[in-house]
4 protein chains.
Amino acid sequence: MSPRTRAQYQQIRRQRRAQILSAARQVFAQQGFHDTKMSDIAQAAEVSQGTLYHYFSGKDDLFMSLFSNWAEQLEGTVQELPAASISAADKLRLMGQVGHAFLGSDRELLPVFVEYCAFALHNPRAAISFRDLFQTIQHSMAQIIDEGIARGEFKPVDTATLSALPLVVLDGLILVALIVGRDVIVPEQVIDRTLELVFDGLLTEDGASRP
Amino acid sequence: MSPRTRAQYQQIRRQRRAQILSAARQVFAQQGFHDTKMSDIAQAAEVSQGTLYHYFSGKDDLFMSLFSNWAEQLEGTVQELPAASISAADKLRLMGQVGHAFLGSDRELLPVFVEYCAFALHNPRAAISFRDLFQTIQHSMAQIIDEGIARGEFKPVDTATLSALPLVVLDGLILVALIVGRDVIVPEQVIDRTLELVFDGLLTEDGASRP
Amino acid sequence: MSPRTRAQYQQIRRQRRAQILSAARQVFAQQGFHDTKMSDIAQAAEVSQGTLYHYFSGKDDLFMSLFSNWAEQLEGTVQELPAASISAADKLRLMGQVGHAFLGSDRELLPVFVEYCAFALHNPRAAISFRDLFQTIQHSMAQIIDEGIARGEFKPVDTATLSALPLVVLDGLILVALIVGRDVIVPEQVIDRTLELVFDGLLTEDGASRP
Amino acid sequence: MSPRTRAQYQQIRRQRRAQILSAARQVFAQQGFHDTKMSDIAQAAEVSQGTLYHYFSGKDDLFMSLFSNWAEQLEGTVQELPAASISAADKLRLMGQVGHAFLGSDRELLPVFVEYCAFALHNPRAAISFRDLFQTIQHSMAQIIDEGIARGEFKPVDTATLSALPLVVLDGLILVALIVGRDVIVPEQVIDRTLELVFDGLLTEDGASRP
DNA sequence: AATGAATGAGCGTTCATTCAT
DNA sequence: TATGAATGAACGCTCATTCAT
C-alpha cells in the first residue's frame with residue numbers, strides 16, 4: 001500500500017544483483033562466455049532478460065563484475081598474509097595453501113578465470129582489473145620475501161622479480177590442469193613440490209634448520 | 001596452360017595452405033579469435049572466402065591448424081634437448097633459452113596461444129592437441145631431471161611432478177605478461193631468476209661446483 | 001497533512017500535467033520523438049516513469065497532447081484576425097506577422113512540429129488534429145480574402161484554394177529552414193518577399209499584358 | 001561451370017540493388033520508415049535479410065539511398081529548365097508542371113519524402129542530401145527569375161529569396177495534402193492558382209496604391 | 001579449384017508499458 | 001497518487017557457411 005522506502009529498494013537491488021551474479025557464475029562456468037546467451041542467464045536467475053540490463057550494462061559488464069567480485073575476495077585473503085605473526089617461510093607455505101584453496105573451493109570458476117584472461121587481452125578495463133589483482137598479490141609476496149631476507153631466513157634474492165611467481169604459477173597451473181586434466185597433472189602437488197624445491201634454494205642454513 | 005602434374009597440384013595446394021595460415025596468424029594475433037571474421041582472413045590471404053573452405057573445414061579447424069603447426073616446431077626443439085651432450089644443468093638452462101626464444105620470436109602468436117587455451121576448454125580435439133604438447137615437453141623435462149639425478153648432478157626429487165613446471169611457468173608468464181604488460185613483469189627475468197633459485201635448491205654440492 | 005479538497009487535487013493534477021508536458025517539449029525538441037525515451041521525459045520532469053502514465057495514456061498521447069496544446073494557441077491567435085478593424089491587406093500583413101512570431105517564439109518546437117507531421121501520416125487521430133488546425137487557419141484566411149474582394153481591395157480570386165497558402169508556405173518554410181539551415185534560407189524574408197510579391201504582382205506591364 | 005566474369009558479377013549486383021530499392025520503396029511507402037522491418041523489405045524483395053546488408057550498410061543507408069535515387073531524377077529534370085528556349089514566364093509555368101508531375105507520378109513516395117524530412121532533422125548526411133536538392137532547384141529558379149528580369153519580363157525582385165519558393169511550396173503542399181487529404185486540399189490547384197496570383201498580382205489598382 | 005553472392009539462424013540489446021507496494 | 005523494479009516482445013544486424021557458376 002504505502003510506497004517502498006529508499007532502503008527497501010536498495011535491499012531489493014542488492015538481492016537481485018547477487019541473484020543474477022550467482023546465476024551467471026553457474027552458466028558461464030558450464031557453457032563458457034561465448035556460448036552463454038543472456039537468455040540463459042536470465043532463465044537461470046529466474047528473471048527476464050530486461051532485468052539483467054537494470055543491473056549490468058551488458059554481457060561484458062556482467063562477466064567483468066563476476067571476476068571483480070571474486071578477485072576482491074582473493075585479494076583480501078592474500079593481503080592479510082604478511083601481517084601474520086609467523087615466520088616468513090610459514091607465510092610462503094600459507095601462500096601455497098591459498099593456492100590449494102583457490103584450486104579447490106571455487107573450482108567451477110576456474111574455466112571462467114581462463115576465459116577472463118583471454119577476454120582481458122582485448123578489453124582494457126578487464127586488463128586493469130587483472131593487473132590490480134596481480135599487483136596486490138605481488139606486493140604481499142614481496143613483503144614476505146623482504147621480511148624473510150631481513151630476518152636472515154632467506155638468502156638475498158631479486159624480490160621484485162620472484163614475487164611475480166605466485167600468480168604466474170597459479171595461472172599456469174589452472175590453465176594446464178583444466179585442459180590436460182587432473183589425471184595428467186595434479187596442481188596441488190606441483191605447488192607443494194615446487195615450494196619444497198624453492199625452500200631448498202631459498203632458505204639459509206639458519207632458516208633451514210628451523211623445526 | 002600445360003596440364004599440371006599431380007605433384008605440381010600438390011605443390012600449389014601446399015603453398016596456398018601456408019599462405020592462408022600465415023594470413024590467419026596475423027589477423028588472429030591482431031584481432032583475436034572471436035573478433036576475426038573469415039572474410040578478414042580471406043582478405044589478408046588475398047583469396048576468396050570460398051577458397052578458405054577448400055583448405056580448412058571451418059574457422060575452428062583453421063585456428064587449430066595454426067596451433068598445431070606451431071606446436072610441432074616447439075615439440076621438435078624440445079625433444080632434441082635431452083640428447084644433447086652437455087650436463088643436465090646446462091640442458092635445463094637450454095630449456096630456459098627455449099622459453100626466451102618462445103617469448104621473443106613469435107611474439108605475435110602469444111595472444112593467440114592464450115585464446116587457444118580458452119578455446120580448448122570447450123573443444124576436446126583442441127585439448128588433446130594441447131595435452132600432446134604438454135606431455136612432450138614434460139617427457140623431455142623428466143628425462144633431463146632423471147639423468148641429472150642419475151649422474152649425481154641433482155638431488156633426488158619428484159620428477160613426475162616437477163617436470164610439469166616448464167610449460168606451467170611459461171603459460172603463466174605469457175598470460176600475465178600479456179595482460180599486465182612488460183612494464184610490470186619481464187618474463188625473461190622471471191625465467192632466469194627462477195632457474196637460479198631452482199638450481200640453488202636442486203644442485204648437489206658436486207653439481208653446484210660446476211663452472 | 002490536512003485532507004485536500006477536490007479542487008486542490010485538480011489543481012495539483014493540472015500543475016503536474018503541465019510540468020510533464022513542459023519537460024516533454026524540451027526533450028522531444030532536443031532528441032526527436034523516436035530517440036526520446038519515456039525515462040528521459042520522466043527524468044526531465046523529475047517524476048517517475050509510472051507517474052507519466054497517470055497523466056497520459058502513453059508516449060503517443062503525450063506527443064499529441066503537446067501538439068494540441070500548441071495548436072490551440074495558434075488557432076486562437078489566427079481566429080481573432082478577421083475581426084480586426086483594419087484593411088484586408090493589413091490583415092494579410094498581420095498574418096505574416098503571425099508566421100514570424102511562430103518561427104521565432106517557439107523555435108524549439110519547430111522540429112517537433114515536423115516530426116508530428118510524419119507521425120500524423122500513420123496516426124488518424126493526429127491527422128484529424130492537424131486538419132483542424134489547417135481548416136481553422138484556412139477559414140480565417142478565406143474570410144479575409146473574401147472581405148478584401150467584397151471591399152474591392154483585392155481582385156476576385158479562388159478564395160477556397162488560395163486560403164490554403166498560409167499554412168502550406170509556413171510548413172514548407174519550417175521544413176526547409178530546419179534542414180538546410182538559416183544560412184541558406186531565412187524564412188522570415190521569404191514570408192515578407194512573398195507577401196510583397198503577392199501584393200504587387202510579379203509581371204511588368206509587358207508581362208502582365210500577355211494574352 | 002566456368003567462374004563468372006567480373007562483368008557478370010557487376011550485372012548481378014546492379015540488378016539486386018535495384019530490386020531491393022524497389023521493394024524498399026513499396027514497403028516504406030505503405031508502412032512508414034519506423035514501422036518497416038528489415039525482414040519486411042527482405043520478404044518483399046524476395047531475398048534474405050543478410051543480402052540486404054551486402055548492398056546497404058543498414059536501414060538508414062537504404063532509406064537515404066532511396067531518397068538520393070529519386071532526388072537525382074528530380075534534379076536532372078529541374079536543371080534542364082533554364083536552358084529551354086521559351087520565355088521566362090513559360091519556364092515558371094513549366095516549373096509548375098514539374099510540381100504536378102512530382103505530385104502525381106511517384107505518389108507512393110510522397111509519405112516517404114515527408115518521413116525523410118523528419119529523418120534529416122537528426123541525420124546530418126540526410127540533411128546534406130536534402131540541402132543539395134534544395135539548392136539545385138533554387139539555383140535553377142534563380143536563373144529563370146534573373147533571366148526574366150534581364151529580359152524585362154519580370155519586375156526586379158529579390159531573386160535569392162524568392163527562388164526558394166518552389167521547393168518550399170511543394171514541400172508544404174505535400175505535407176498538408178497527405179495529412180488533411182485531397183478532399184480538403186488539391187495541391188495541383190494550389191500550384192496553379194498561386195502561379196496565376198504571382199503572375200497577375202493580387203491587389204487592384206486601389207489596393208496597390210496603398211502606402 | 002576458385003569465386004563471391006546468398007543464406008538465415010541467432011543474439012545482444014532496447015524500451016514502452018505494467019504492477020506490486 | 002507515486003514509485004521504480006520488472007517485463008518480454010521486438011528488431012537490427014552479424015557472419016560462418018553454402019552453392020551455383
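Chain letters run A, B, ... following the sequence lines, proteins first, then strands; residues in each count from 1.
D61(C) places its CG atom 13 Å from the C1' atom of dA16(E), with the value rounded to the nearest Å.
For T51(B), the side-chain atoms get nearest to dA2(E) when compared with the rest of dT7(E), dA2(E), dA6(E). When the nucleotides dA6(E), dG4(F), dT17(E) are ranked by their closest atom to the side chain of S48(D), dA6(E) comes out on top.
Mapping E46(A) and F33(B) onto DNA chain F by nearest heavy atom places E46(A) at the nucleotide closer to the 5' end. Along DNA chain E, the nucleotide closest to G50(D) and the one closest to D60(A) are compared, and the more 5′ of them pairs with G50(D). For K59(A) and Y9(A), each mapped to the nucleotide of DNA chain E holding its nearest heavy atom, the one lying further toward the 5' end belongs to K59(A). The 5' end of DNA chain F is approached more closely, in terms of each residue's nearest nucleotide, by I12(A) than by the other of D35(B) and I12(A).
Backbone-only contact: Y55(B) has heavy atoms under 4.0 Å from sugar-phosphate atoms and none from a base. Backbone-only contact: T36(A) has heavy atoms under 4.0 Å from sugar-phosphate atoms and none from a base. Residue contacts shown for G58(C) are limited to sugar-phosphate atoms, with no base heavy atom under 4.0 Å away.
The partner of dT21(F), taking Watson-Crick or G-U wobble pairs whose two distances both stay under 3.5 Å, is dA2(E).
For R13(B), a side-chain nitrogen or oxygen approaches OP1 or OP2 of dA1(E) to under 4.0 Å. In terms of phosphate contacts, Y53(D) brings a side-chain nitrogen or oxygen within less than 4.0 Å of OP1 or OP2 of dC13(F).
Between F33(A) and F63(A), the ring planes lie tilted relative to each other; the angle falls in the 30° to 60° range.
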